[in-house]
Structures are given as structure tokens and as C-alpha cells.
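Start at 1 and go down the list; that is how both ligands and their atoms are numbered.
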Amino acid sequence: MDTDVVVVGAGPVGLLLAGDLCAGGARVTVVERLTTPTTESRASTLHARTMDVLAERDVLGRLGKLPSGGPGHFGGLPLDLTLADPEHRFAGQWKCPQTLLERVLQERAVELGARVRRGVELVALTEQADHVVAETASERGRERITAAYLVGCDGEDSSVRVLAGFDFPGEDATLEMLRADVVGLDIPNRRFERHPKGLATAFRWPDGSTRVMVHVFGATPRPRTPDYPEIVAAWAEVTGEDISGGTPTWLNAFGNTRRQAASYRRGRVLLAGDAAHRQMPVGGQALNLGLQDAAALGGELLAALGGHDRLARYDTTRHAVGARTLTNIQAQALLLLGGPEVEPLRDTFAELMRYDAVRGHLARMISGLDGPPATAEDQGTTRMGKLDGKTALVTGSSRGIGRATAQRLAEEGALVAVHYAANEEAANETVALIEKDGGRAFAVRAELGVPGDVHELFLGLEQGLKERTGDTTLDIVVNNAGEQTAAGLAPEDVTPEQLDRLFAVNAKAPFFIVQRALSLLPDGGRIINISSGLTKFANPEQVAYSMTKGAVEQITLHFARHLAPRGITVNTVAPGITDNGSPVFDIPEAVEAMSQLSAFKRVGKARDVADVVAFLASDDARWVTGSFVDASGGTLLG
Ligand code: NAP
């Protein structure tokens with residue numbers, strides 16, 4: 001190995017990490033595309049938690065006395081950040097130009113032994129079982145560096161993220177804010193001043209130049225850096241003032257983008273800072289989030305180098321913190337960039353922010369003082385989930401019954417693979433909902449019913465499990481995905497193609513999923529197949545669909561016998577009409593008619609079914625196998 005860790009990117013995040021790793025005795029090489037440090041100070045605000053991080057590392061002393069950043073804001077509504085914890089030694093926010101922070105962090109990293117190589121670009125990345133190989137290009141030509149781990153701290157357009165194949169789901173910006181540093185202006189300072197046509201901010205830097213920021217309501221992102229006349233025009237449109245006499249020293253635009261790597265770790269490659277998450281730069285949270293990623297990663301990487309791989313914990317905790325921060329940034333973006341239509345929301349928010357508890361809560365969230373979302377580990381207690389330490393696959397869990405089941409199993413402590421066919425956004429939403437509640441999940445895509453379907457599913461599943469748990473044990477399989485293509489067709493009208501497709505998705509795929517899972521299921525594993533009350537309730541228009549569900553029930557019967565010697569239970573759950581969020585459940589008359597079928601005179605909720613699945617997945621159901629569990633609210637009572 002040439003080095004222990006390659007850090008890609010010599011911004012504040014990479015340099016803090018490099019210093020921490022060297023302080024722990026690791027050999028570190030930092031590679032940076034830029035030949036000289038940047039002269040731009042994009043981010044300049046440090047929050048209390050970050051100040052703690054810097055103080056603990058003796059970096060704060062080197063930065064000199066930092067001026068207070070004054071009060072903060074939440075989406076443009078004034079918010080005193082000292083309320084996060086008035087007793088905190090660094091209560092509030094602090095101004096520190098990014099250039100200064102970078103210089104000091106680089107000095108520290110180099111003093112501690114890091115090799116910082118500038119003008120060196122990462123061009124390829126290969127991972128082996130026990131090391132990674134980074135290929136770089138520079139004036140000296142191409143080189144290879146071998147290392148135990150490689151970390152991408154290379155910002156929002158991260159090459160590491162792309163080269164290592166990290167998923168980066170989310171949304172691109174839909175709205176744009178323009179900003180510039182301008183000399184020679186004499187305009188009054190203002191903070192998020194709202195005008196009928198937009199929003200304007202101006203403040204004077206200590207060197208006499210002025211930072212202007214302007215958003216024209218509804219303005220969408222442009223594909224290039226704005227020029228000064230464009231900013232002058234936007235400023236005039238919003239404020240009526242003419243700033244054409246100034247000379248810009250820096251021009252930039254940003255938007256309300258939100259993306260987050262699906263995982264911060266792929267094998268021996270990790271992400272930290274903006275490489276892992278892209279967000280609107282509001283209130284300086286992005287830089288603080290990134291520095292806190294680095295601070296958390298250093299210790300875990302040193303442990304991994306020492307033979308204790310706890311990197312899954314870095315992934316879980318920082319992903320959850322990132323998701324939460326991105327959500328609050330998105331809320332702020334809505335409040336800030338929304339036009340007149342968000343005024344009622346702003347008024348309501350402003351009203352809520354008169355309460356101390358609300359101000360304290362928001363201030364803690366921004367300052368990073370609310371800590372990571374609580375996990376059982378952090379609380380030092382066991383959450384007593386019935387499925388703690390288990391892993392589960394729920395097919396078709398992007399929505400409907402599958403989503404509720406994934407959530408329910410995660411609530412009980414299982415790590416859940418959220419499978420979907422095409423609806424990536426919905427699958428990511430399921431994962432986000434689980435993480436918001438402190439659970440663990442990841443999304444896996446594979447269309448079922450097409451050649452190679454189950455193979456594709458298991459490739460993603462096994463990789464996701466391996467990254468998070470170190471192996472591919474799969475304790476629980478829920479065959480839930482299903483299609484109803486020929487529903488509502490008279491038996492006379494069903495075509496062979498429709499029947500083939502239904503069987504391929506609803507019966508063939510579950511069979512081969514079970515077959516393929518056999519080698520991953522441990523003794524005591526669980527298989528739950530979702531059928532339908534329609535196998536016992538005649539409805540001629542659903543004959544084709546019901547035939548496939550009849551087939552699913554045969555998987556239960558025969559595999560229950562086959563797998564009993566291993567203590568694996570196999571059961572069927574049969575829902576009746578269940579609200580899966582589809583539009584028909586918004587029509588009161590339709591819901592009323594459907595309700596009459598159940599003995600309880602209501603349609604089922606996805607959670608009603610999910611609770612039954614969770615029971616069958618738990619140890620409480622160890623004596624139940626080969627059964628047909630009616631979860632139809634008594635629809636089959638007749
Ligand atoms: P849903 O809301 O229609 O969601 C279907 C799920 O399955 C989605 O996650 C979808 O993924 C996935 N899926 C569909 N076709 C797929 C394919 N070809 N390959 C891979 N994934 C596919 O479903 P639901 O109503 O909750 O039903 C769940 C299960 O319960 C089904 O087996 C259904 O037959 C059964 N069931 C439902 C009811 C009911 O009233 N809802 C009643 C009895 C039985 P994408 O989001 O990516 O499309």
C-alpha cells in the first residue's frame with residue numbers, strides 16, 4: 001500500500017479529515033485538482049457544534065478571534081441562534097472566511113504528516129478486496145496510488161461519487177438566486193427584504209465591498225454563471241435601484257437543489273461533505289454539515305484501519321443527520337424563494353417562532369446542537385425491537401402495503417431493502433420516512449416479470465446488505481410486489497399476454513425470489529407471501545389476477561414443508577380491499593361501497609396488513625407455518 005487513506009479534495013472537509021487521520025497515526029495522501037487554494041469565500045459561517053470540533057482540535061486558536069455572525073435566520077425569518085443553548089461556549093454563529101479556514105486546516109494536516117498534492121486529478125478508481133487503487137493525472141503524467149480506503153471530499157460535483165458509482169437521488173434546482181460581490185456600491189444593508197417581485201439582500205464586507213443576493217420570484221436556474229448586467233437587471237426589477245455603477249469581483253448563482261447519496265459508503269470508498277449531499281447554501285449549514293461529517297468519519301476510519309470496521313455506523317448516522325439537515329434547508333428554501341403564495345406559510349411560521357420552544361428547537365437544528373437523530377446505540381439503551389439485528393426484503397415497498405410493511409419492520413429494528421420497479425422517487429421516500437423515524441433502509445430497483453429480474457434484484461440486495469452489515473444474511477422475505485393488469489376485465493376478454501405477464505410478476509418472480517433467497521436465509525428465517533382474499537371470494541372480473549394469487553399460496557404450502565427442518569416459516573397473508581393511496585380511495589362513494597365488503601364496514605389501511613406481516617416475521621410466530629392468514633377485515637365471512 002502506498003498510503004492508508006487517499007482523501008480526494010483539499011477543501012475544509014478533506015483537510016480536517018486528513019489532519020484527524022494523521023493525528024491518529026494514519027498515513028494520508030490528499031489529492032486536489034486545483035493547483036492553488038481557492039480565493040473565493042463561498043461559505044463563511046461557523047455554528048456552535050463546528051466551533052466545538054475546531055476547538056477540540058486546537059484549530060480555533062490558529063484562526064484568531066472570529067467575529068460574531070450576529071443573529072441567524074430560518075428561511076429569512078430572524079432567529080437568534082444563541083437560543084440553541086445560551087450556556088454554550090460558542091453560542092450563536094461566527095464568521096470565518098473559507099480561505100482562512102482552508103489555510104489553517106492545511107497547515108495543521110501537513111504538520112501532522114499529510115501529503116497534500118495539488119494539481120492532481122482523480123481519473124479512475126478500482127476497488128479490490130483489501131485495497132483501492134486511485135489513478136491520477138497531473139503534469140507529471142498518470143500515477144496509481146494504492147490505499148486501504150479512499151474518501152471523496154471533492155464537493156458537489158464529486159468525481160469520487162461518480163467513479164465509484166454511488167447513487168445520488170434527489171431533485172435538481174427549480175428556482176435560482178443570484179449573488180455577487182461588488183466594489184464601489186453605496187446601498188443600504190438589508191436582509192432578505194421581500195418586495196412584490198422578489199427578494200433582495202445586501203451587506204457590506206469589512207473590506208468595503210458589498211455582497212448582493214437577489215431572487216426574482218419564479219426565476220429558474222440558468223445553465224451558466226450569470227454576468228453582472230443580468231444581476232443588475234434582476235436587482236433593478238426587484239428593488240428599483242440601479243447598481244450598474246459597481247464592479248463585480250465574484251459572480252455566482254445557486255438554487256434549491258436537493259440530492260443526497262443513497263449511502264455514504266461503498267466498500268472501501270466513502271463520501272463526506274458536499275460530495276455526499278447537495279443543497280441550497282442557506283445559513284452556512286452545508287459547510288458545517290460537511291465539517292461534522294469529516295469529524296465523525298476520522299475516528300471510524302482509524303478504527304477500521306485498526307481492524308474494527310464500524311464504518312456502517314458512519315454511514316447510518318451521518319446519512320440520517322444529512323437527511324434531516326437537507327429537509328430543514330428545503331423548508332427554508334420554500335419560505336425564502338416562494339412568492340406571494342408562501343405568505344400564509346411565512347405568517348404562520350413567524351407566529352410559531354414567537355414561542356421560545358420553537359425558536360430553541362430551530363436554533364438547535366441549525367447549530368448542530370440537537371445531536372444526531374437518536375438511535376438505540378446513542379441512547380445507550382436497546383430499543384427492544386422485535387426484529388433488532390434482522391434484515392428484510394420487502395418487494396414492491398415504494399408504496400401501498402409494501403411501504404407500510406417496510407416501515408413497520410424497520411420500526412421493529414430490521415434493516416429493510418425497499419424494492420421497487422420504476423418509481424425511484426417513491427422508494428427513496430419510503431427510505432427517508434424510515435430514516436426519519438431512526439430506522440435503517442436502502443432502496444433496490446428491479447423490474448419483476450422480465451428476464452433476469454430476480455438476478456438483478458439480488459445483485460442490488462446483496463450489495464446493499466454487504467455494505468451495511470458486512471455479509472448477505474437475509475432473515476425475512478416479504479413477497480409483496482404485485483400487478484393487477486387484467487383486473488376489471490370480463491373473463492372472456494383476458495388475453496394470453498395479460499395472463500403471462502400477471503403470472504410472471506405475481507407468481508413466477510416470488511417463486512424464484514424464494515429459491516434464490518434459500519442460500520441467504522438463516523435457520524429461523526421468515527418468508528411471507530402476500531396473496532389476496534380473492535382466492536376465496538368469487539369475482540369473475542378478477543379471475544386472471546386471482547389465479548396468480550392461488551399460485552402464490554402454493555409457494556407457501558410446499559415451501560413450508562420443505563423449509564421446516566431449518567426452522568424457516570412460510571406463510572400467506574391475504575388482504576382484502578386496502579387503501580394503497582391510489583386515486584380510487586379519494587372518491588367517497590367508491591370507498592363507501594368498498595367498505596360494505598368488510599365485516600367492520602371500512603376499507604383496510606396498509607398498516608392493518610403490515611402489522612400482521614410484522615407479527616409473522618417476529619419470533620412470536622415461530623409456531624405458525626404454512627398458514628393462510630386472513631387480513632381482510634372479515635371480508636371472507638360473507
Ligand atoms: P401498489 O400500491 O399497487 O404498489 C405495488 C408495488 O409493487 C409498488 O412498489 C411497485 O413498484 C411494485 N411493483 C408493481 N409491479 C412490479 C413489477 N413488475 N416489478 C417490480 N415491482 C413491481 O400495491 P398494493 O395495493 O399495496 O398491493 C401490495 C400487494 O398486496 C400486492 O401483491 C397486491 O396484489 C396485494 N393486495 C392488495 C390489495 C389492495 O386492495 N391494495 C388487496 C389484496 C391484495 P413501483 O412503485 O416502482 O411501480
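Taken to the nearest 0.5 Å, the CG atom of Leu637 stands 7.0 Å off from the CG atom of Asp630. Remark: Phe166 CZ to Gln260 CD distance equals 12.5 Å, nearest 0.5 Å.
Under the 3.5 Å distance criterion, the side-chain polar atoms of Arg566 are matched with a main-chain donor or acceptor of Leu521. A donor-acceptor contact shorter than 3.5 Å is absent between the side chain of Asn328 and the backbone of Ile366. Although no hydrogens or angles enter the test, the distance criterion places no donor-acceptor pair under 3.5 Å between the side chain of His419 and the main chain of Leu393.
The protein residues lying under 4.0 angstrom from ligand 1, judged by non-hydrogen atoms, are Gly396, Ser397, Ser398, Arg399, Gly400, Ile401, His419, Tyr420, Ala421, Ala422, Asn423, Ala446, Glu447, Leu448, Asn480, Ala481, Gly482, Glu483, Arg501, Val505, Ile530, Ser531, Ser532, Tyr545, Lys549, Pro575, Gly576, Ile577, Thr578, Asn580.
For the pair Glu176 and Arg222, the salt-bridge criterion is met [side-chain N within less than 4.0 Å of a carboxylate O].
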